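One structure below.
In this text, all values refer to a predicted model and were calculated from it rather than measured experimentally.
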Amino acid sequence: MARTLIGVNDPKTTKRWAGETFVSTIPQTFWGKNMMASKDKDANAPVHIRNDLSQAAGDEVSYNIYAQISGQPVFGDDTLEGNEANLEGFTDKVTINAIKKPIDVGGQMTRKRTMDDLRAVAKDKGQDYMTRFFDEACFTTVSGARGVNGDFIMPTGVTTYVKGSQPFTPYNQDHIVYGGSAISKATLTSGDKMSLDVVDRAITMAESEGGGSDGKMRITPLSMGGEDKFVLVMNNWQEHDLRTTAGGRWVEIQKAAAASVGYASNIFKNSAGEYRGCVLRKHQKGIRFSDYGAGSNVAAARAVLMGRQAMVCAFGDAGDGQRASWKEKATDLDDSKLKITFGMCFGLKRPQFNGQDISSIALDTAAAKPY
């Protein structure tokens with residue numbers, strides 16, 4: 001019996017596969033699964049989502065934040081007029097762009113499999129590719145650097161995750177905590193590894209700075225079950241150093257996560273533990289460096305402590321009003337070969353307002369391969 005195949009670039013087929021590609025990609029990434037708000041424009045998550053699907057590649061999406069109100073209150077019958085507090089707002093922008101990857105599924109596979117099978121293979125491989133790329137884009141953006149990780153799709157030396165987008169934003173020095181006794185990149189030694197002392201200093205900084213009359217933005221914590229929480233994402237090598245130096249306290253750190261009111265949240269799932277209200281996470285794509293220390297030869301890594309809106313992710317229209325696109329093209333003289341191009345339209349930015357880093361702190365420590 002002959003099998004009916006939906007033709008190449010049939011509108012119903014391409015739209016369905018485009019939608020399935022997005023659903024199968026972003027929600028499966030580390031950042032999409034664990035760090036993004038479940039609702040559009042809900043900021044109670046490290047990654048703030050903007051679904052501006054009217055925007056196309058190359059467009060800018062603006063977002064705002066407002067400083068805390070300061071100044072003396074008005075007492076008794078004193079005059080109110082003239083003593084109003086101003087709402088001081090700051091605007092930042094994120095550029096969205098199209099990210100595409102074509103796949104040639106013709107040749108020998110065409111002769112052995114049906115077109116529908118080839119679509120499924122292309123979808124699986126494309127999903128894996130875009131999942132890896134999106135996580136890399138998130139790690140490089142929130143870290144403000146590409147680093148030297150050798151398992152990335154994007155090459156070393158790039159200054160932005162996608163051509164035509166905003167460059168990586170370096171951290172201000174007052175938003176970096178260094179391992180050990182180091183006070184700068186040049187003073188870091190191979191012994192200045194990740195430890196509870198480093199985490200303590202970063203948490204204390206997040207809890208105590210900003211929110212008053214000092215003009216600094218407070219790192220707003222996440223709200224989970226009525227409790228304030230931060231999230232620390234580190235490279236696996238940093239987590240190894242932290243775990244092996246914490247001794248018996250590591251068991252308590254793991255117990256704290258299991259007992260937390262936020263344990264049901266994806267932020268807690270598969271976490272390394274919780275320490276002082278900070279959820280500890282690890283990932284192999286955490287950014288690593290090779291040029292720290294006085295001789296620029298100390299291996300290091302950057303962890304990031306985050307509150308709300310540590311990064312903004314804006315999705316634009318990749319085609320047909322969707323966040324992903326799927327285009328098919330039959331090639332060769334007899335149209336026997338099939339090429340598929342899939343992609344998305346998005347932009348990422350670590351916010352800065354009024355020249356200040358907000359909602360995140362970098363933890364730079366020595367981190368060498370432990371095996």
Legend entry - Ring geometry between Phe139 and Phe30 (parallel below 30°, tilted from 30 to 60°, perpendicular above 60°):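 The rings of Phe30 and Phe139 lie parallel, inter-plane angle below 30°.
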Inset, instruction - Give the ring-plane orientation class for Phe315 versus Phe134, where under 30° counts as parallel, over 60° as perpendicular and anything between as tilted. - result: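 Parallel, since the angle between the ring planes stays under 30°.
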Inset, instruction - Run the numbers on Arg350 and Asp357 for salt bridge (Lys or Arg N to Asp or Glu O under 4.0 Å), then give the verdict. - result: CA-CA 8 Å; Arg350 196 185 81 246; Asp357 285 310; 2.8 Å; yes
Inset, instruction - Please assess Tyr292 against Asp364 for the test side-chain hydrogen bond (donor to acceptor under 3.5 Å, both in side chains), listing each intermediate value before the final yes or no. - result: CA-CA 10 Å; Tyr292 276 50; Asp364 288 6; 2.8 Å; yes
How long is the span from the [atom1] atom in [X] to the [atom2] atom in [Y], to the nearest 0.5 Å?
X	Y	atom1	atom2	result
Ser360	Leu232	OG	CG	11.5 Å
Leu348	Asn97	CG	CG	11.5 Å
Ser271	Lys282	OG	NZ	10.5 Å
Met35	Ile49	CE	CD1	13.0 Å
Asp241	Asn235	CG	CG	9.5 Å
Asn149	Gln284	CG	CD	9.5 Å

Inset, instruction - I would like to know whether Thr169 and Lys349 meet side chain to side chain contact (heavy atoms under 4.5 Å, CB included); could you show each step before the answer? - result: CA-CA 8 Å; Thr169 306; Lys349 183 74 180 295; 3.9 Å; yes
Inset, instruction - Going by the side-chain contact (heavy atoms from CB on, under 4.5 Å) test, name the single residue among Ile253, Thr204, Val199 that passes it with Arg276. - result: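 One option only clears the test, and that one is Thr204.
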At their closest point, which heavy atom of [X] faces which heavy atom of [Y], and how far apart are they?
X	Y	result
Tyr161	Phe133	O-CZ, 3.3 Å
Ala310	Ser359	CB-O, 3.4 Å
Gly180	Asp192	CA-OD1, 3.5 Å
Cys278	Leu305	SG-CD1, 4.0 Å
Ser190	Ala366	O-CB, 3.6 Å
Val47	Cys313	CG1-CB, 3.8 Å

Determine whether [X] and [Y] fall in the same hydrophobic cluster, where Ile, Leu, Val, Met, Phe, Trp and Tyr are linked whenever their side-chain heavy atoms lie under 4.5 Å apart.
X	Y	answer
Ile183	Tyr171	no
Leu242	Met306	no
Trp31	Ile26	yes
Trp237	Val304	no
Met205	Val279	no

Any side-chain heavy-atom pair of [X] and [Y] under 4.5 Å:
X	Y	answer
Val231	Arg281	yes
Lys339	Ile103	no
Ile219	Phe230	yes
Thr29	Met36	no
Ile287	Thr140	yes
Lys193	Val198	no
Phe342	Ser325	no
Ile176	Arg302	yes

Inset, instruction - Check whether the side chains of Gln238 and Thr365 place a donor and an acceptor atom closer than 3.5 Å, and report yes or no. - result: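 The answer is yes; a qualifying pair exists.
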Legend entry - Test item: side-chain donor near acceptor, Thr131 and Asp128, under 3.5 Å: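 Checked: Thr131/Asp128 side chains show no N/O donor-acceptor pair below 3.5 Å.
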Partner set under side-chain hydrogen bond (donor to acceptor under 3.5 Å, both in side chains) for [X], not counting sequence neighbours:
X	answer
Lys285	Glu136
Arg146	none
Asp135	none
Ser143	none

Inset, instruction - Mind running side chain to side chain contact (heavy atoms under 4.5 Å, CB included) on Lys327 and Ile340 for me, showing each step along the way? - result: CA-CA 6 Å; Lys327 301 296 181 183; Ile340 297 175; over 6 Å; no
Inset, instruction - Give the intermediate values and the outcome of salt bridge (Lys or Arg N to Asp or Glu O under 4.0 Å) for residues Lys255 and Glu274. - result: CA-CA 8 Å; Lys255 288 181 179 179; Glu274 180 184 346; over 6 Å; no
Legend entry - Met344 vs Met130, side chain to side chain contact (heavy atoms under 4.5 Å, CB included): CA-CA, chis, key distance, verdict: CA-CA 9 Å; Met344 289 184 290; Met130 196 59 73; 2.8 Å; yes
Inset, instruction - Tell me, with the steps shown, if Gln352 and Asn172 meet side chain to side chain contact (heavy atoms under 4.5 Å, CB included). - result: CA-CA 10 Å; Gln352 282 192 327; Asn172 301 134; 3.9 Å; yes
Legend entry - Lys93, NZ atom: more than 12 neighbouring heavy atoms under 6.0 Å: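 Atom NZ in Lys93 is not packed in, count stays at 12 or less.
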Inset, instruction - Verify the neighbour count for atom CG of Asn270: are there more than 12 heavy atoms of other residues, nucleotides or ligands below 6.0 Å? - result: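 At most 12 heavy atoms, drawn from other residues, nucleotides or ligands, come within 6.0 Å of this atom.
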Inset, instruction - Please collect all salt bridge (Lys or Arg N to Asp or Glu O under 4.0 Å) contacts where either partner lies in residues 148-157, sequence neighbours excluded, each pair once. - result: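 Sorted pair list comes back empty.
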Inset, instruction - Applying side chain to side chain contact (heavy atoms under 4.5 Å, CB included), name anything that partners Ala272, two or more places apart in sequence or on another chain. - result: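 With neighbours one apart ignored, the set is Glu239, Trp250, Leu280.
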Legend entry - Main-chain N/O of Val94 paired to Gln166 side chain as donor or acceptor, under 3.5 Å: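 Checked: no pair found.
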Inset, instruction - Examine distances only and state if a side-chain atom of Arg201 and a backbone atom of Tyr178 form a donor-acceptor pair shorter than 3.5 Å. - result: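 Flag set: sc Arg201 to bb Tyr178 pair under 3.5 Å.
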